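Everything numeric here is computed off the predicted structure, so don't read it as measured data. In what follows, chains are A, B, ... by sequence order, proteins preceding strands, each numbered from 1.
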Amino acid sequence: MFSPSHFTAVVLFGVFASTVFGITQRETPQRMFRYGLYCFSLFVGSAIVLSWVMYLIAR
Amino acid sequence: MAEAENKRAAAPKSVQSGFVFLPLIAGWLIPGAGHFLLRKWGRGALLAISIVCMFAIGLAMQGKLYANAHDILEILGLLGDLGSGLLYLVGRAMGLGTDSVQLTVADWGTRFIVVAGLLNIISAVDAHNIRTGRKS
């Protein structure tokens with residue numbers, strides 16, 4: 001059984017979802033890459049921010 | 001409206017001939033196949049790798065493949081899973097993803113499988129848009 005950490009799971013999810021979003025939502029390769037990178041940073045960044053928010057609420 | 005028609009008219013003839021929904025159906029059944037049919041090899045390969053890996057990782061995390069539709073959440077999960085096309089049907093035929101979810105990781109795996117199906121639908125629709133000339 002593959003048992004990743006929460007962060008690894010978020011990164012894997014972000015990589016795959018961002019790849020599909022980038023390719024399907026933009027027209028040129030350069031814009032696809034930039035949009036994919038943007039989506040990936042939002043996925044991972046929002047997960048980190050929400051994690052800290054939940055950590056502070058739980059204290 | 002007129003702009004979309006102009007784009008369609010500007011699409012290559014090789015793209016306009018044949019059954020218009022073939023890339024959509026092929027892309028749904030096999031991830032990336034719709035783009036391969038349209039000779040978008042790089043895009044098709046990246047889409048196929050992303051969707052198949054996501055589905056496989058979901059199963060490796062002991063995610064569940066939805067099999068019945070008893071309540072609204074299960075119906076939505078089943079619809080998401082069906083988006084994976086043959087991956088879902090082969091997985092069901094092989095008896096994968098039948099264990100009940102008991103670990104947090106298995107719950108994440110179930111989400112990975114559902115999202116892989118939804119991403120596959122997005123990529124199949126993208127192939128259809130390329131086929132009809134709405135996208136290059």
Side-chain angles (χ1 to χ4, degrees), chain A, chain B residues 7 27 31-32 34-35 38 40-63 83-84 96-97 99 101-130 133-136:
Chain A
M1 178 189 168
F2 178 54
S3 185
S5 68
H6 203 163
F7 184 71
T8 308
V10 167
V11 169
L12 285 172
F13 185 97
V15 166
F16 298 134
S18 304
T19 303
V20 176
F21 283 176
I23 291 171
T24 57
Q25 305 301 312
R26 291 294 183 269
E27 299 252 346
T28 60
Q30 192 184 3
R31 293 189 67 199
M32 286 175 186
F33 181 74
R34 287 178 60 183
Y35 187 68
L37 217 57
Y38 171 71
C39 289
F40 178 75
S41 60
L42 282 185
F43 274 125
V44 177
S46 60
I48 291 171
V49 169
L50 287 173
S51 303
W52 274 105
V53 169
M54 286 187 279
Y55 171 76
L56 293 172
I57 287 173
R59 278 168 67 90
Chain B
K7 276 188 178 175
H35 288 77
L38 299 167
K40 304 281 185 188
W41 307 110
R43 293 187 205 181
L46 282 171
L47 290 170
I49 290 168
S50 298
I51 293 163
V52 172
C53 282
M54 200 161 190
F55 187 86
I57 287 172
L59 284 179
M61 290 159 76
Q62 293 193 339
S84 298
L96 301 172
D99 299 335
V101 174
Q102 292 177 341
L103 302 167
T104 310
V105 171
D107 194 37
W108 302 345
T110 305
R111 306 298 152 233
F112 267 59
I113 293 169
V114 171
V115 173
L118 297 175
L119 292 176
N120 192 40
I121 292 171
I122 292 174
S123 71
V125 170
D126 184 62
H128 179 67
N129 285 338
I130 295 171
R134 271 186 223 139
K135 190 185 170 197
S136 57

Problem - Pairwise side-chain contact, A:F16 with B:I51, heavy-atom cut-off 4.5 Å (strictly under) - result: no
Handout entry: Structural part of A:S5 lying under 4.5 Å from a heavy atom of chain B
Key = backbone
Problem - Under 4.5 Å from a heavy atom of chain B, the part of A:P29 involved - result: neither
Exercise for the section: May I ask you to test the A:S3-B:M61 pair for a side-chain heavy-atom distance under 4.5 Å? Expected result: no
Completion exercise
To the nearest 0.5 Å, atom CE of B:M54 lies from atom OG1 of A:T19 at 10.0 Å
Fill in the blank from the handout: Rounded to the nearest 0.5 angstrom, the OG1-CD1 distance for A:T24 and B:I121 is 12.5 Å
Problem - Pairwise distance CD1(B:I122) to CD1(A:I23) - rounded to 0.5 angstrom - result: 12.0 Å
Exercise for the section: Would you name the heavy atoms of A:E27 and B:S136 that are closest together and state the gap between them? Expected result: OE1-OG, 2.7 Å
Completion exercise
When rounded to the nearest 0.5 Å, the distance separating CZ of A:R26 from NZ of B:K135 is 9.5 Å
Could you list the donor-acceptor pairs under 3.5 angstrom formed by side chains in residues 104-117 of chain B, with sequence neighbours left out?
unit_1 : atom_1 : unit_2 : atom_2 : d
B:D107 : OD1    : B:R111 : NH2    : 3.0
B:T110 : OG1    : B:K64  : N      : 3.0
B:T110 : OG1    : B:A106 : O      : 2.9
B:R111 : NH1    : B:Y66  : OH     : 3.4

Problem - Contacting moiety of B:L118, where chain A heavy atoms sit under 4.5 Å - result: neither
Problem - Under 4.5 Å from a heavy atom of chain A, the part of B:L59 involved - result: neither
Handout entry: Spacing of CG belonging to B:L46 relative to CE belonging to A:M32, to within rounding of 0.5 Å
Key = 9.5 Å
